[in-house]
Amino acid sequence: MRAVFGRMMVLGLASMAAACVPKPAPEPEPVPTPQPVTRPSPTPPPAPVRDWADRALTPGDWTYVADAAGARAAFGGQAESAPFVMRCDRAGRRILLLRQGAASGGTMSVQTSYGVRTLPLQGDRSGYAAASLAATDPLLDQIAFSRGRFSIDVPGQAQLMLPAWPETARVVEDCRA
């Protein structure tokens, strides 16, 4: 009996010891890998509309020439290749605003700090179309006294942002004299 009691004691102690040992922690369940979420790329905000007077000037300089036929101011090159020319027709007391590469029958918009005016274009000479103004037209004074710049827009052509330098005023003054 003693032997039976001893075995029971050993089994009891073993059971108690087993109860003191913690059960092994269950293996963690695998965490699912998150799938990347496809989001549409954000649309950039529209570029701020810059005021025409804040746009960069077209590179180039004005040149002024006066002769028997009248005065002319050319921007960005010689009178034969300049993108824009103001020419006085002294005999007709008119000023021609000439845009290289423009089509006859189109329009030219002239914007100054005073406003915008659209003028019809007629063929003048090879490679140019002209808007014709009387030498006394107030638009000519607005070009001369615009706050530092004026723009010339012809559909299908690059916009010209031109400095309002004295050469333009000299052409007007010479044509009015």
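Just so you know, these numbers use all the heavy atoms, side chains as well, and skip hydrogens, waters and symmetry mates.
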Between D137 and R94, does the salt bridge (Lys or Arg N to Asp or Glu O under 4.0 Å) criterion hold? Intermediate values first, please. CA-CA 9 Å; D137 194 301; R94 303 201 61 74; over 6 Å; no
* Asked: Aromatic rings F84 and W62: how do their planes relate, parallel, tilted or perpendicular, breaks at 30° and 60°?
  -> perpendicular
Over all atoms of both residues, closest heavy-atom pair of [X] and [Y]:
| X | Y | answer |
| --- | --- | --- |
| L140 | A135 | CD1-O, 3.6 Å |
| A131 | M108 | CB-SD, 4.3 Å |
| L121 | A102 | CD1-CB, 4.0 Å |
| V116 | S109 | CG1-CB, 4.3 Å |
| S104 | G123 | OG-N, 2.9 Å |
| F75 | P163 | CE1-CD, 3.5 Å |

With a 3.5 Å distance limit and no angle check, can you tell me whether [X] reaches the backbone of [Y] through a side-chain donor-acceptor pair?
| X | Y | result |
| --- | --- | --- |
| W165 | D61 | no |
| Q111 | R117 | no |
| T112 | Y114 | yes |
| R93 | A177 | yes |
| R99 | P83 | yes |
| S151 | M161 | no |

With rounding to the nearest 0.5 angstrom, report the [atom1] to [atom2] distance, [X] to [Y].
| X | Y | atom1 | atom2 | result |
| --- | --- | --- | --- | --- |
| S132 | I95 | OG | CD1 | 9.5 Å |
| I152 | M86 | CD1 | CE | 8.5 Å |
| E173 | C88 | CD | SG | 12.0 Å |
| R170 | C175 | CZ | SG | 14.0 Å |

Sequence neighbours excluded, the answer for side chain to side chain contact (heavy atoms under 4.5 Å, CB included) partners of D174 is Y64, A66, A71, R90
Per side-chain contact (heavy atoms from CB on, under 4.5 Å), V110 is matched among L139, D153, L162 by L139
May I ask you to test the V172-R176 pair for a side-chain heavy-atom distance under 4.5 Å?
yes
Would you say the side-chain atoms of T118 and T107 include a donor-acceptor pair closer than 3.5 Å?
-> no
- Are Y128 and L133 connected, step by step, through hydrophobic side chains (Ile, Leu, Val, Met, Phe, Trp, Tyr) whose heavy atoms are closer than 4.5 Å? no
